Colleague: 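Pasting a structure here, questions to come.
What you see below is based on every heavy atom in this structure, not just the backbone, and it leaves out hydrogens, waters and symmetry mates. This structure is a prediction, so every number in the text was calculated from the model and none was measured. In what follows, residues are counted from 1 in the order of the sequence shown.
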Amino acid sequence: MKRSLLLGILPLAFLAGCQDNLEEMPVVPAQTGDEITFGSSLTDVDAQTRTIYGDKPVNGAYPVTWEDGDQIAIYCPEASNGNMVYYKVTPDGTDASHSSAVTKVNPDQAGLQWGQAEEHHFSAFYPADRILGQNEGGRLIAEIPVNQDPVEWKETENGAGGTTYTGVANTDYAFMWAYNKHNKSDGSDVALNFKPWVTILDVEINGPAQGTQKMSSIQIRSTANETLNGQFLIDFNPVEDGTGNAPTYIQYGNAAATRNQITIQFYNQSLNNGQGDFITLGPNDKIVVRFYLLPKDEGYDTSSGRTDLQIRLTPYNSAVLTRTLNGATDGEGNTQGEGGILAHKVNKVILPPVNYQGPNYWMSSLDPNIYVTELSLPGSRMSSLTQANDALTIYQDQTISEQFTNGVRAFYFQTMYENDGGLGLFEDPDYNLYLAVNGDKLNRFNTYIQDIANGLATAEVAGRPNEFAFVLLSWSSVTGSNQDRRWMQAVQEELTEMGNDSQYRLYTEEITPNTTIDDVKGKIIIKVNYNDQDMGNNLGKYADVPAMFALWGVPSGESGDDFYRPDGNDLRWGTSSSEAKATMKWVYQEATTVGPGGQISLANKKNYIRQMFESSVEAYQNNDEHNMWFMNDCGGSFVGNVTGDYVSGNYDRDENTDGAIALAHEMGIYVTNLLQSRTEDATLGIVYLNYANPTNPYSGNLIQTIINNNFNFQLRTEGSSQTAYNASYTSGGNAISWDK
């Protein structure tokens, strides 16, 4: 079905159109084996019903016309030769709202044929290509996606002097249904009167009162945990037995997932000279998008006092703005009394002007029952290699505290140890961890953990308690005997000490495949890299360190790249000892240096990044144990042949000779477009970036894309959450104010 046209939902009536030549033929009772024929036309519906959907209202209604090749699926259990066949509609040349030809999609195959029974029952569904199959009981299976990004954006000048960005909706989700009983002896076309089924929200987002604001995404969410997306069965029994006005749906597929929300991103690939960008709004600018929700028959009528549907709007690098839908307007934006979100209708929702609400506490907008391995975390590569810390290669331009405020939730630190205890023959050593920059000791490692802990505490005070952080800890190699043993001892002592001190907020329970956001909220998860198994065996089987451990590199006896492990290495809790049981896998790519003097070429780095994301898709589709934790390092630096510096002659990025900045430019654009174009459900895992700063023109969009991925698919949860998380309600209609 072609979707270049903004049709919204098609709330039509397909009326049986008797073709002229049929009227001239005698009516002969159909015999068993004869094919069943269908005729159809589109007719206008009373404008007050708001059930005709198109681009703009015409006389209060949204007109619809057929597109050549539109397909409908027709199901008949009494048919003699298979009970479901796809048909296509060919609109009349003079009136595209009528069709004199409803024909089989495949003319070489048989259509539905009359069976032995006199009375036949016909259930039809539009569009046919959204039928996934039938279950054992004959019910049709279809799906509403959680991500409903527009197929394209259109820009028009509006009456207020601003620009309106209209997201052209994918009307494949404009589901319609038809049902009819027909006696085969009648010998005429079967009448199929199609009606709209899904509920549509036509949402208008207004720009800020002053200044500009970049926009990220918008969600519709049921705070009562009602199913709005995912696979479902279509149940025609209420229509057949006269107990309902429309089919109902039965939840199908994975029930233990976030199925109570639908999301749309404001990413426009045509912006920024075709490199893509999120839409920026100014005063009088608008964004218009459409959501398609699974129907609940008449149960969506929020005018009766229901307040469990909520719009959640996220400006770029901002906290969420919420608006509870307890009022409604008609198709032209006029308030209808108390109003309500009405089932099977187009519901116009006008939101107040947007405004920035920092800090970016995005985790607290998620269901707290989501498994932590399902999340996508934006991270800063070499988090403390900044100009302020005198790093030779600058990877970041913000402090740890600033990174946390701007939504970064994964950090990467290189460390070294020092003996701060006695140095005498009979004095015990006290090995402590320090941050390593250029191989030199900086401040104690716990200083930087304290910065993250302070950010978590601030979030709790702000009423956003579900934030947590992830820290990857590795060592900065030094020469000398027993260095790896002493570093591992320092890791054990330092982390154990911090785990016993609540100010550092370390997570001290075991991380398992079933650990959720609710388990780790307000805490910091530590993961330690060790370089080989001899190094790892410096810790005992029952070391009980409050951290996860995984080998960096290739296990003994295996071959492959140290920096690319698509099958994963064992991930253990509490120790790196090979004697301890591993319940999870650490799957990673972290090639740091790229170019003629580095580990791999730019093409191979990109290929590894893409393959790692593809591996997460495969794991999501085939692994219900969610026991694989992915890490994809999109940071690093271009390097030359000798000095390790970026060579502008080989990689010219706007004549910028800094290798870390150059790679941030390259990866920011490549990975953002890679992720924006993919449609598969899956976590991205932990994604590390250079210059993890939302104001960075290259990494900023990637940070927001990673965050948005947490809202773009059905993350799996521990059971079905009934928590009205981060929900608030106010009285009043649309376009009045945001919820407080």
Colleague: How about Arg221 and Gln261: does a side-chain donor come under 3.5 Å of a side-chain acceptor?
Modeller: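 There is such a pair (donor and acceptor under 3.5 Å, judged by atom type) between the side chains of Arg221 and Gln261.
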
Colleague: Distance from Asn709 atom CG to Ser376 atom OG, nearest 0.5 Å?
Modeller: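 Separation between the atoms: 4.0 Å.
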
Colleague: What I want to check is whether the side chains of Asn268 and Ser270 have a donor and an acceptor closer together than 3.5 Å.
Modeller: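 Ser270 and Asn268 do have a side-chain donor-acceptor pair below 3.5 Å.
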
Colleague: Quick one: are Gln148 and Tyr292 in side-chain contact, heavy atoms under 4.5 Å?
Modeller: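 Contact flag for Gln148/Tyr292 side chains = yes.
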
Colleague: I'd like to know whether Gln676 forms a side-chain hydrogen bond (donor to acceptor under 3.5 Å, both in side chains) with Gln265, so could you lay out the CA-CA distance, the side-chain angles of the two residues, the decisive distance to 0.1 Å, and finally the verdict.
Modeller: CA-CA 9 Å; Gln676 286 288 344; Gln265 291 191 95; 3.2 Å; yes

Colleague: If you apply the rule side-chain contact (heavy atoms from CB on, under 4.5 Å), what do you find for Ile706 with Leu377, and how did you get there?
Modeller: CA-CA 7 Å; Ile706 296 166; Leu377 306 184; 5.8 Å; no

Colleague: Donor-acceptor check, side chain of Gln403 to backbone of Gln398, threshold 3.5 angstrom: yes or no?
Modeller: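 The answer is yes, because a donor-acceptor pair under 3.5 Å joins these two groups.
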
Colleague: To check you understand the geometry: which heavy-atom pair defines the closest contact between Pro353 and Gly207, and what is its length?
Modeller: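 Heavy-atom minimum between the residues: CB-O, 3.3 Å.
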
Colleague: Are side-chain heavy atoms of Val520 and Ile511 found at a separation under 4.5 Å?
Modeller: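 SC-SC contact between Val520 and Ile511 confirmed.
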
Colleague: Minimum heavy-atom separation for Ile703 to Leu689, with atom names?
Modeller: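 That closest heavy-atom pairing would be CG1-CD1, 3.5 Å.
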
Colleague: When rounded to the nearest 0.5 angstrom, what is the spacing between CG in Asn158 and OG1 in Thr163?
Modeller: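 Here the interatomic distance stands at 7.0 Å.
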
Colleague: Looking at Tyr670, is Lys606 sitting on its ring face, NZ or CZ under 6.0 Å from the six-membered ring centre and within 45 degrees of the normal?
Modeller: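 Flagged: Lys606 positioned over aromatic ring of Tyr670.
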
Colleague: Is there a side-chain contact between Val471 and Ile449, using heavy atoms and a 4.5 Å cut-off?
Modeller: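 SC-SC contact between Val471 and Ile449 confirmed.
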
Colleague: Charged N to carboxylate O under 4.0 angstrom, Arg610 versus Glu614?
Modeller: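 Yes, this pair counts.
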
Colleague: Looking only at the side chains, is there a donor atom on one of Asn632 and Tyr588 sitting less than 3.5 Å from an acceptor on the other?
Modeller: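 No, no side-chain donor-acceptor contact under 3.5 Å.
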
Colleague: When you compare the side chains of Asn317 and Asn360, does any donor N or O come within less than 3.5 Å of an acceptor on the partner?
Modeller: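 Present: a donor and an acceptor within the cut-off.
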
Colleague: With sequence neighbours excluded, what pairs up with Asn673 under the side chain to side chain donor-acceptor pair (under 3.5 Å) test?
Modeller: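 So Asn673 forms a side chain to side chain donor-acceptor pair (under 3.5 Å) with Tyr267, Gln269.
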
Colleague: Among side-chain atoms of Tyr412 and Glu590, is any donor-acceptor pair under 3.5 angstrom?
Modeller: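 Yes, side-chain donor-acceptor contact under 3.5 Å.
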
Colleague: Go through the side-chain N and O atoms of Gln357 and Asn355 and say whether any donor and acceptor fall under 3.5 Å apart.
Modeller: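 The answer is yes; a qualifying pair exists.
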
Colleague: Please list all pairs passing the salt bridge (charged side-chain N to carboxylate O under 4.0 Å, His left out) test where one or both residues lie in residues 392-413, with sequence neighbours left out.
Modeller: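 Every pair satisfying salt bridge (charged side-chain N to carboxylate O under 4.0 Å, His left out) with a residue in residues 392-413: Arg409-Glu467.
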
Colleague: Considering only heavy atoms from C-beta outward, does the side chain of Leu684 approach that of Phe630 to under 4.5 Å?
Modeller: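 No - every pair of side-chain heavy atoms lies 4.5 Å or more apart.
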
Colleague: Please determine which of Asn701, Ile279, Thr695 meets the side-chain contact (heavy atoms from CB on, under 4.5 Å) test together with Tyr316.
Modeller: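 Answer to the side-chain contact (heavy atoms from CB on, under 4.5 Å) test with Tyr316 among Asn701, Ile279, Thr695: Asn701.
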
Colleague: Under 3.5 Å, side chain of Ser318 to main-chain N/O of Thr314, donor-acceptor pair present?
Modeller: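 Not at all, since once roles are kept as given, no pair shorter than 3.5 Å links the two residues.
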
Colleague: If you round to the nearest 0.5 Å, how far is CG of Leu715 from OG1 of Thr683?
Modeller: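 If I round to the nearest 0.5 Å, the distance is 7.5 Å.
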
Colleague: Would you compute the distance between atom CG of Asp518 and atom OG1 of Thr515 and round it to the nearest 0.5 angstrom?
Modeller: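 Nearest 0.5 Å value for the CG-OG1 distance: 11.0 Å.
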
Colleague: Indicate yes or no: at least one non-hydrogen side-chain atom of Ile311 is less than 4.5 angstrom from one of Leu351.
Modeller: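 Yes, side chains in contact.
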
Colleague: Would you please say whether a donor-acceptor pair under 3.5 Å links the side chains of Gln450 and Asn446?
Modeller: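 Absent: no donor and acceptor within the cut-off.
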
Colleague: Less than 3.5 Å apart, any donor N or O on the side chain of Asn708 or Ser216 sitting next to an acceptor on the other?
Modeller: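 Per modelled atom types, Asn708 and Ser216 side chains form a pair under 3.5 Å.
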
Colleague: Is there a side-chain contact (heavy atoms from CB on, under 4.5 Å) between Ile517 and Tyr371 once you walk through the steps?
Modeller: CA-CA 6 Å; Ile517 294 176; Tyr371 299 114; over 6 Å; no

Colleague: Looking at Ala664 and Tyr691, what are the two nearest heavy atoms and their distance?
Modeller: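 Looks like CB-CD1, 4.3 Å.
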
Colleague: Do Ser380 and Gln396 have a side chain donor and acceptor closer than 3.5 Å?
Modeller: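 On atom types as modelled, these side chains do not qualify, holding no pair under 3.5 Å.
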
Colleague: Given 3.5 Å as the limit, does a donor-acceptor pair link the side chain of His626 with the main chain of Thr373, or not?
Modeller: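 A pair under 3.5 Å: no.
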
Colleague: In Å, rounded to the nearest 0.5 Å, how long is the span from OG of Ser637 to CE of Met382?
Modeller: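 If I round to the nearest 0.5 Å, the distance is 10.5 Å.
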
Colleague: What's the shortest heavy-atom distance between Met628 and Ala619, and which atoms?
Modeller: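 Between these two residues, the closest heavy atoms are SD-CB, 3.8 Å.
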
Colleague: Might you work through the side-chain hydrogen bond (donor to acceptor under 3.5 Å, both in side chains) test for Gln714 and Asn229, ending with a clear yes or no?
Modeller: CA-CA 9 Å; Gln714 296 176 9; Asn229 72 72; 2.8 Å; yes

Colleague: Side chains of Asn466 and Ser364: do they bring a donor and an acceptor to under 3.5 Å?
Modeller: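 Judged by distance alone, the side chains do not pair up.
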
Colleague: Does a side-chain heavy-atom distance below 4.5 Å link Leu675 with Thr705?
Modeller: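 Of all side-chain heavy-atom pairs linking Thr705 with Leu675, at least one is under 4.5 Å.
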
Colleague: Could you walk me through whether Thr399 and Asp451 pass the side-chain contact (heavy atoms from CB on, under 4.5 Å) test, one step at a time?
Modeller: CA-CA 9 Å; Thr399 66; Asp451 289 340; over 6 Å; no

Colleague: Taking the side chain as every heavy atom from C-beta outward, state whether Leu271 and Trp153 have any atom pair closer than 4.5 Å.
Modeller: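 The answer is no; the side chains never approach within 4.5 Å.
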
Colleague: Backbone N or O of Asp285 within a donor-acceptor pair of the Thr164 side chain at under 3.5 Å?
Modeller: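 No, because the side chain of Thr164 does not come within donor-acceptor range (under 3.5 Å) of the backbone of Asp285.
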
Colleague: Do the numbers put Lys523 on top of the ring of Tyr507, so that NZ or CZ is under 6.0 Å from the six-membered ring centre and no more than 45° off the axis?
Modeller: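 Verdict for Tyr507: no cation-pi partner in Lys523.
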
Colleague: Does Asn389 use its side chain to pair, donor to acceptor, with the backbone of Ala391 at less than 3.5 Å?
Modeller: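 Checking the backbone N and O of Ala391 against the side chain of Asn389, no donor-acceptor pair under 3.5 Å is found.
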
Colleague: Is it true that Tyr564 and Gln611 share a donor-acceptor pair across their side chains at a distance under 3.5 Å?
Modeller: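 Tyr564 and Gln611 do have a side-chain donor-acceptor pair below 3.5 Å.
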
Colleague: Please say whether more than 12 non-hydrogen atoms of neighbouring residues, nucleotides or ligands are located less than 6.0 Å from CD in Glu618.
Modeller: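 No - once you tally the heavy atoms of other residues, nucleotides and ligands closer than 6.0 Å, there are 12 at most.
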
Colleague: Can you find a pair of side-chain heavy atoms, one from His665 and one from Tyr698, that are under 4.5 Å apart?
Modeller: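 When only atoms from C-beta onward are counted, Tyr698 and His665 do touch, with a gap below 4.5 Å.
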
Colleague: Taking atom CZ of Phe413 and atom CG of Leu442, what is their separation to the nearest 0.5 Å?
Modeller: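 Going from the CZ atom of Phe413 to the CG atom of Leu442 covers 11.0 Å.
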
Colleague: Establish, for the pair Arg716 and Tyr620, whether the NZ or CZ atom is under 6.0 angstrom from the six-membered ring centre and no further than 45 degrees off its axis.
Modeller: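 Here Arg716 passes the 6.0 Å and 45° test against Tyr620.
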
Colleague: Answer yes or no: is there a donor N or O on one side and an acceptor on the other, between the side chain of Asn696 and the main chain of Ser699, under 3.5 Å?
Modeller: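 Here the side-chain-to-backbone pair exists.
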
Colleague: Less than 6.0 angstrom from the centroid, inside 45 degrees of the normal: does Arg381 satisfy that with respect to the ring of Tyr688?
Modeller: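 Not satisfied by the 6.0 Å and 45° rule.
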
Colleague: Are a donor atom and an acceptor atom from the side chains of Lys605 and Asn607 found within less than 3.5 Å of each other?
Modeller: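 Distance-only check fails for Lys605 and Asn607.
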
Colleague: Examine distances only and state if a side-chain atom of Ser677 and a backbone atom of Leu674 form a donor-acceptor pair shorter than 3.5 Å.
Modeller: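 Yes, Ser677 side chain to Leu674 backbone: donor-acceptor pair under 3.5 Å.
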
Colleague: Quick one: do the Gln219 and Thr263 side chains pair a donor with an acceptor below 3.5 Å?
Modeller: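 On atom types as modelled, these side chains qualify, holding a pair under 3.5 Å.
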
Colleague: Just do the side-chain contact (heavy atoms from CB on, under 4.5 Å) check on Leu313 and Phe266 with the steps written out, would you?
Modeller: CA-CA 11 Å; Leu313 180 66; Phe266 301 136; 3.7 Å; yes

Colleague: Could you tell me whether the side chain of Arg312 and the main chain of Ile218 form a donor-acceptor pair under 3.5 Å?
Modeller: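 Not a single qualifying donor-acceptor pair exists.
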
Colleague: Using atom types as modelled and distance alone, determine if a side-chain donor or acceptor of Asn438 lies under 3.5 Å from a backbone N or O of Asp390.
Modeller: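 Indeed, once roles are kept as given, a pair shorter than 3.5 Å links the two residues.
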
Colleague: Indicate yes or no for a side-chain donor-acceptor contact from Trp629 to the backbone of Val587 under 3.5 Å, with no hydrogens or angles considered.
Modeller: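 Flag not set: sc Trp629 to bb Val587 has no pair under 3.5 Å.
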
